[in-house]
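I have placed the structure first, in the form of structure tokens, so that the comments after it can refer back to it.
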Number of protein chains: 2
Amino acid sequence: MAEETQRQAEGALSNPSAVGLVAVIVAATDGEPRALTVQVGGQARGRSDGLPAGPLVPEHPTLERGLRAWVERQTHQRLGYVEQLYTFGDRDRQGDDAGGLHSLSVAYLALVREVRPAGLAEASWRNWYRYLPWEDWRAGRPESLAEIEGKLLAWADGATDPKLRRRREDRLGLTFGLCGGAWNEERVLERYELLFEAGLIPEAQGQSGEARDSDLPVTGQPMALDHRRVLATAIGRLRGKIKYRPVVFELMPPTFTLFQLQRTVEALSGTNLHKQNFRRLVAQQGLVEETDGVTSGATGRPARLVRFRREVLLERPAPGFRLRPARRPA
Amino acid sequence: MAEETQRQAEGALSNPSAVGLVAVIVAATDGEPRALTVQVGGQARGRSDGLPAGPLVPEHPTLERGLRAWVERQTHQRLGYVEQLYTFGDRDRQGDDAGGLHSLSVAYLALVREVRPAGLAEASWRNWYRYLPWEDWRAGRPESLAEIEGKLLAWADGATDPKLRRRREDRLGLTFGLCGGAWNEERVLERYELLFEAGLIPEAQGQSGEARDSDLPVTGQPMALDHRRVLATAIGRLRGKIKYRPVVFELMPPTFTLFQLQRTVEALSGTNLHKQNFRRLVAQQGLVEETDGVTSGATGRPARLVRFRREVLLERPAPGFRLRPARRPA
DNA sequence: GGCACAATGCTCAGATTGAGCATAAGTGAG
DNA sequence: CTCACTTATGCTCAATCTGAGCATTGTGCC
């Protein structure tokens, strides 16, 4: 085996691939989660929103540093937290086939602290729920879900093979909480993939040239290529991460109120939290320390300004917001 | 920005990369965690253990399916669970520079159920703690840690810049639980990287041709290229995953005893668990169901054989073994 | 039968969690 | 100036979960 392995590994050299980087750059302002988008696409398929994507720059020693340099140069945004998300390499999903070369995209998640006007004309910050509206449960169950669920159930029902139908129903329960399942806010990608398979995502038809405007309002704004999938991956990852790592603070200004922090966490996770319990959590974990400042101007009692306590990283094994996933009613 | 982005993205096509796949194939037999290794390396640097690595096969629609096909063909092992781990692309760590091409490795974690003799001569199953001995705390704190810690402290102390020294000490606390920190069994990669930086990993010197045998016993058996880093990534990921996904069952035979299950979880996480509480956990989560079978032959009361309850996937949002990370003594 | 051994059952105090009530401290209207 | 309103913050309480240990039940062995 080793022989064969080695031979093949070297074979890869004569079989090079086109590799690109994609970045999901996230910020949160005014309690809304935003991603940096650009306009992409030629005149053929029309222009559409996309994620910033760039080449793999061979000058840099690591992929991450290459990404940092490239994004910082282009957006003039200092990237705080950067994390590799996933490497996408589906032939049939990439959209562009790079003429025989296998084409890969290494996707990264980046968190930035401040939202500048995004200097460059065609880049803009967009609320990420614009692209995945069913993920926002902050105002209760999204209305659009009713319609989506109907279509999903029809899709599951449309399977002639009873085994397949059963499996589809199970997946609906698992991801969308249908058929007696519970909604798990982390399964963003699984939900998107399910919608994709069910044919409810226009991008799925994109390559075949069909235009399907009908589903736009319900299943969200499409993006170029497979970028909604990348976005879904990022959101799911971030929603998981905030529970055991204090990454939210990468999105906060130097000082903030506990309620602003809560709003940000809620924005990311797409759910609402119990206010008093949230502060208890933050206090217990020692995630923040008070400053002298207080808010003013707004209505209501002024709130104390706090700042992130970096020391918590050394004290706690997994500091974060352990928002328990909703327990199923026993 | 969009313009520039597009131009550069297309630029990537004229700047192709060599891409390979690496697999960490994990099994657990007799309560020991094992990884499939092969012998790699030419005569120049001598042969050493490595992970199975192969080319990116363009025929397959997805990376994962390519990996599955390739591994199954080579090892005759049916891969159960497969998960993408990370894409490694460090210029200075890869070992082979592929002559100007940027070279990437997409690493995967695979869990297999049974350990066949691994048919092929040069492939063999190895206890993974052979490569990362400090990660095995099942028999208490590993002895080798004393020596490792000494060297790490010396390394931290060796920083002339007091700020840097402080940072190194913090990292020691965070990863190795030194300086008042706690041991977190998930930080496998961070520990490995720290040892690497501290110069305690022979592979770090590998490229410069130095031979350092002195550290072998304490810092574990080296591997080819950067494969220990890949292994560390896999272990860390798996240790995290078992807490909220029932992936351990991919490693178990169709029926097993609760204690065998516990031994497997312990093998992966490298820690010991309270027996009674472990069964309570498993029972509460509904992870298994009883069969009619019982063990026999061994000493002591026979144990009931159980099997994995697949339905749990549909019932619980995050079924797994929530072994709480050790709380710091307040 | 009696012993060693492992499986299994059960208890209990302390910590964590989910939910709500109560109070404090501002703003703006009348 | 006072009241109504709004948001911040403090505190309680029951339900549940966790960590740890004691007790009992089956088997093989002598």
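All values reported here derive from a predicted model rather than from experimental measurement. By convention in this document, chain letters (A, B, ...) are assigned in the order of the sequence lines, proteins followed by strands, and residues within each chain are numbered from 1.
- Taking 4.0 Å as the cut-off between side-chain N and carboxylate O, Arg138(A) and Glu32(A) count as a salt-bridged pair.
- Using a 4.0 Å cut-off between charged side-chain N and carboxylate O, Arg171(B) and Glu193(B) make no salt bridge.
- A heavy-atom distance below 4.5 Å is not found between the side chains of Thr295(A) and Phe259(A).
- At a threshold of 4.5 Å between non-hydrogen side-chain atoms, the residues Val306(A) and Thr257(A) do not count as touching.
- Lys275(B) places its NZ atom 13 Å from the C1' atom of dG9(C), with the value rounded to the nearest Å.
- Per the geometry, CG belonging to Asn277(B) stands 17 Å off P belonging to dG14(C), to the nearest Å.
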With B for base contact, S for sugar-phosphate-only contact and - for none (protein heavy atoms under 4.0 Å), nucleotides 24-30 of chain D reads -BBS---
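- In this entry the distance linking CG of Leu273(A) with P of dA19(C) reads 11 Å, nearest Å.
- Rounded to whole angstrom, the span from the CD atom of Glu290(A) across to the C1' atom of dG10(D) amounts to 13 Å.
- When Phe176(B), Trp183(B), Tyr129(B) are each tested for a ring pair (Phe, Tyr, Trp, His ring centres under 6.0 Å) with Trp137(B), only one passes: Trp183(B).
- Distance, Arg263(A) CZ to dA8(D) C1': 13 Å, rounded to whole Å.
- For the pair Arg304(A) CZ and dG26(C) C1', the computed distance is 14 Å after rounding to whole Å.
- Taking the six-membered ring where tryptophan is involved, the planes of Phe249(A) and Phe308(A) are essentially parallel, since the angle between them stays under 30° and well short of 60°.
- The residue Gln284(B) sits apart from the nucleic acid: no heavy atom pair falls under 4.0 Å.
- Comparing atom distances between the His274(A) side chain and each of dT9(D), dA6(C), dG20(C) picks out dG20(C) as nearest.
- Taking atom CG of residue Leu281(B) and atom C1' of nucleotide dG9(C), one finds them 17 Å apart after rounding to whole Å.
- Between the side chain of Arg280(A) and the base of dG10(D), no donor-acceptor pair under 3.5 Å is found.
- Spacing between atom CD of Gln262(B) and atom C1' of dA6(C) amounts to 12 Å, rounded to whole angstrom units.
- The shortest distance between side-chain heavy atoms of Glu135(A) and Tyr192(A) does not fall below 4.5 Å.
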